[in-house]
Amino acid sequence: MENMVLKLAAEKPVVIFSKNSCCMCHSIKALFSDFGVNPAVYELDEIPRGRDIEQALGSIGCSPAVPAVFIGGDLVGGANEIMSLHLDRSLKPMLKRVGAIWV
């Protein structure tokens, strides 16, 4: 299952594993939307094998498992890591580097 997660994470410049019931997931998706990023979003509470994917995210280092954000195929982390990158102004350059945004 971990290999499947990593394969999904590499399909687009930004991939978010999320749950509709998670307020932090909503905030992170809104942040990326505000940047003009169109991430691949996998709602684990809506897709088949979502619980298995959630467990795999935990085993590769996502704690809590959602939101889990991958940029350029690499695990960046959850809400705390993304907000820290945003606040120190390093998120936008990272998104430009992987082609998720142009400006």
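All values reported here derive from a predicted model rather than from experimental measurement.
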Could you report the tightest heavy-atom contact between Ala65 and Gly58, atom names first, then the distance? CB-N, 4.5 Å

Heavy atoms of Ala79 and Pro67 approach each other most closely as N-CG, 3.8 Å

Holding to side-chain contact (heavy atoms from CB on, under 4.5 Å), I want the full list of residues that pass it with Ser27, two or more places apart in sequence or in another chain. none

Among all residues two or more places apart in sequence or in another chain, which pass the side-chain contact (heavy atoms from CB on, under 4.5 Å) test with Ser33? none

Straight-line distance of Asp88 CG to Met83 CE, nearest 0.5 Å: 11.0 Å

Could you state the interatomic distance from NE2 (His86) to CD1 (Ile28), rounded to the nearest 0.5 Å? 9.5 Å

Is any NZ, NE, NH1 or NH2 atom of the basic residue among Glu43 and Lys29 found under 4.0 Å from an Asp or Glu carboxylate oxygen of the other? yes

Salt bridge check, Lys19 against Glu54: does any charged N sit closer than 4.0 Å to a carboxylate O? yes

When you look at Asn80 and Ile82, which way does the side-chain contact (heavy atoms from CB on, under 4.5 Å) test go after all the steps? CA-CA 6 Å; Asn80 288 341; Ile82 296 301; over 6 Å; no

Treating Gln55 as the side-chain partner and Asp52 as the backbone partner, does any N or O pair qualify as donor plus acceptor under 3.5 Å? no

Applying the side-chain contact (heavy atoms from CB on, under 4.5 Å) test to Ser18, which of Val41, Asp45, Val69 qualifies? Val41

Using a side-chain heavy atom cutoff under 4.5 Å and only I, L, V, M, F, W and Y, what cluster partners does Met1 have? Met4, Val5, Leu6, Leu8, Val15, Phe17, Tyr42, Leu44, Ile47, Ile53, Leu57, Ile60, Val66, Phe70, Leu75

Heavy-atom check, side chain of Phe35 versus side chain of Lys92, under 4.5 Å: yes

When you look at Phe32 and Leu95, which way does the side-chain contact (heavy atoms from CB on, under 4.5 Å) test go after all the steps? CA-CA 10 Å; Phe32 282 103; Leu95 294 170; 3.7 Å; yes

Are Ile101 and Val98 linked, directly or through other ILVMFWY residues, by side chains that come within less than 4.5 angstrom of each other? yes

Walk me through it: do Asn38 and Lys12 pass the test side-chain contact (heavy atoms from CB on, under 4.5 Å)? CA-CA 9 Å; Asn38 185 22; Lys12 285 191 81 172; 3.8 Å; yes

